[in-house]
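Nothing here was measured: the structure is a model prediction, and the numbers come from that model. Residue numbering restarts at 1 for every chain, and letters A, B, ... go by the order of the sequence lines.
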Amino acid sequence: MSADKEAEFVKLLEEHSGIIYKVTRIYAKGNADEQDLRQEVVYQAWKSYARFKGDSKFSTWLYRVALNTALTHKKKERKEQEGFETDWQVAPSGDERALLMAHIRNLNDAEKLVIMLHLDGYNNDEISMISGISKNHVAVRLHRIKEKLKSAIKTEENEN
Amino acid sequence: MKIEDTWKSLSENEERLSGAEIRAGLNLKSEDAIRKLNKRMAWKIGFTILFTPLYIAAFFFVDNWLPQLLFAIITLAHIGGLIFFIQRYRKAKSFDLGDTDVRSVIEAYIANIKETVRQEEMAGLILYPIAAASGFFLSLLQKMTLEEALADNRILITLLILLIVITPISHWAARWMNKKTFKKYLDLLEDRLSQIREEP
């Protein structure tokens with residue numbers, strides 16, 4: 001790819017890198033793994049960028065690449081590091097954002113994906129398109145996940 | 001806590017990747033190529049270690065000064081080659097793409113690999129005739145004495161033809177093997193280098 005294309009890609013990715021941070025923070029097993037995964041997402045996005053024709057928004061496309069990379073990376077990691085504990089810090093009590101992240105990380109892979117896209121403002125059609133889950137199923141899942149999160153957060157708050 | 005509000009505040013405070021971090025990600029393929037090339041350099045060390053004892057054994061197997069001399073030359077050349085490959089491998093391992101000047105690192109890395117391969121092929125040009133002659137005499141001396149062999153013109157002409165044929169074929173085979181082993185990854189690095197050179 002040409003230097004212009006590379007500069008354009010770097011600029012776009014800089015603007016939308018919040019997506020990469022969110023996905024990697026939720027799917028990575030620890031701080032070191034998060035950094036590796038972030039680099040892997042950047043590389044995979046760069047590799048696939050030639051095929052990005054602008055049919056969808058760049059952010060939607062990037063979400064898809066980041067999620068696919070994260071899920072593939074997780075499978076690989078699981079094989080390589082079975083039995084290793086994660087090195088994530090426990091969310092400090094009172095920090096709502098860290099607490100929310102911790103609870104989202106506890107969800108399964110599909111649930112993480114659905115709630116993250118929903119919270120980032122994607123509608124059910126778009127979530128269905130990105131995740132491959134049927135539209136009706138997205139709505140049902142979303143409801144369940146929200147209930148699950150609320151209940152987990154409430155329990156935590158009551159304990160503190 | 002309202003999930004949506006907390007997420008929004010999280011997104012607003014989310015970190016951003018810098019251009020430098022993104023460009024480091026783009027170099028992943030180059031890093032991978034370098035890892036693979038280093039591994040292939042290590043193979044060269046492995047093969048040299050594997051073959052050297054065979055020539056040493058052959059040296060003790062024959063009881064004639066000429067093949068012994070030829071095997072001694074080959075053994076010494078292998079030991080020299082082993083030292084050379086280890087030095088080049090250590091140099092190859094010392095390159096770090098995390099360095100700020102990625103262009104210079106890739107240029108120097110490619111130069112190191114190409115120079116290693118070139119010197120190996122040049123040394124091979126000297127060694128192939130010696131190796132061929134040693135094998136020739138090794139089998140010949142099972143049937144006759146060295147004096148008888150050296151006195152027979154037909155044998156000397158056969159040896160000459162053998163050397164003329166074997167040397168270019170071996171050289172071509174070595175080049176082909178090096179191309180198979182290194183070219184794909186060197187091309188990847190050259191591609192990355194062209195992209196970096198084009199950058200404003």
Side-chain angles (χ1 to χ4, degrees), chain A residues 1-7 9-26 34-47 49 62 69 94-101 103-104 115-121 145-150 152-154 156-157, chain B residues 1-39 95-107 109 184-200:
Chain A
M1 264 186 277
S2 71
D4 287 348
K5 197 89 177 154
E6 184 176 318
F9 172 80
V10 171
K11 191 168 171 277
L12 273 170
L13 213 67
E14 256 183 292
E15 283 167 21
H16 295 89
S17 59
I19 292 174
I20 300 177
Y21 266 96
K22 260 179 264 176
V23 172
T24 55
R25 195 151 294 170
I26 284 173
E34 187 189 334
Q35 215 174 347
D36 283 350
L37 181 56
R38 231 173 9 236
Q39 276 218 326
E40 184 67 26
V41 171
V42 171
Y43 173 63
Q44 290 301 334
W46 171 236
K47 229 169 83 173
Y49 188 57
L62 183 60
T69 309
D95 185 345
E96 292 187 340
R97 290 179 301 189
L99 199 65
L100 176 63
M101 269 302 202
H103 286 300
I104 292 178
I115 192 69
M116 195 166 36
L117 292 169
H118 168 76
L119 291 172
D120 258 353
I145 299 164
K146 277 184 170 176
E147 289 302 312
K148 206 169 166 178
L149 279 178
K150 276 179 193 161
I153 290 166
K154 206 170 177 185
E156 186 99 19
E157 281 173 348
Chain B
M1 182 211 298
K2 194 155 187 297
I3 296 171
E4 282 80 1
D5 294 342
T6 310
W7 182 264
K8 202 175 162 204
S9 118
L10 214 149
S11 297
E12 281 163 1
N13 292 293
E14 192 56 276
E15 289 172 75
R16 292 280 182 269
L17 279 171
S18 68
E21 284 172 304
I22 295 170
R23 284 179 200 280
L26 306 190
N27 283 328
L28 261 190
K29 206 171 183 177
S30 306
E31 275 178 22
D32 193 42
I34 285 180
R35 250 197 313 273
K36 294 214 165 92
L37 285 167
N38 286 347
K39 212 172 172 182
F95 290 105
D96 181 12
L97 278 182
D99 207 299
T100 43
D101 190 0
V102 178
R103 178 180 165 168
S104 305
V105 171
I106 297 181
E107 278 172 346
Y109 186 86
K184 182 180 164 192
Y185 300 104
L186 283 175
D187 284 350
L188 276 174
L189 291 178
E190 298 272 14
D191 285 350
R192 183 73 194 119
L193 204 53
S194 319
Q195 284 172 358
I196 295 170
R197 280 180 185 141
E198 278 178 35
E199 278 167 16

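With sequence neighbours excluded, no residue forms a ring-ring contact (aromatic ring centres under 6.0 Å, His included) with H103(A). Among residues two or more places apart in sequence or in another chain, the ring-ring contact (aromatic ring centres under 6.0 Å, His included) test is passed with Y21(A) by none.
Remark: Q35(A) CD is loosely packed, at most 12 non-hydrogen atoms of other residues, nucleotides or ligands lying under 6.0 Å away.
When heavy atoms are compared at a cutoff of 4.5 Å, I104(A) approaches chain B solely by way of its side chain, counted from C-beta outward. Residue H16(A) does not touch chain B at all, counting heavy-atom pairs closer than 4.5 Å. Proximity to chain B is limited to the side chain of I20(A), based on heavy atoms less than 4.5 angstrom apart.
Taken to the nearest 0.5 Å, the CD1 atom of I3(B) stands 7.5 Å off from the NZ atom of K146(A). Rounding to the nearest 0.5 Å gives a distance of 5.0 Å between NE2 of H118(A) and CD of E4(B). Rounding to the nearest 0.5 Å gives a distance of 7.0 Å between CD1 of I22(B) and CZ of F9(A).
Contacts with chain B were tallied for M101(A), E15(A), K154(A), M116(A); M116(A) has the most, counting heavy-atom pairs under 4.5 Å.
Side-chain contact between W7(B) and K22(A) is present, with heavy atoms from C-beta onward closer than 4.5 Å. Using a 4.5 Å heavy-atom threshold, the side chains of T6(B) and L99(A) count as separate.
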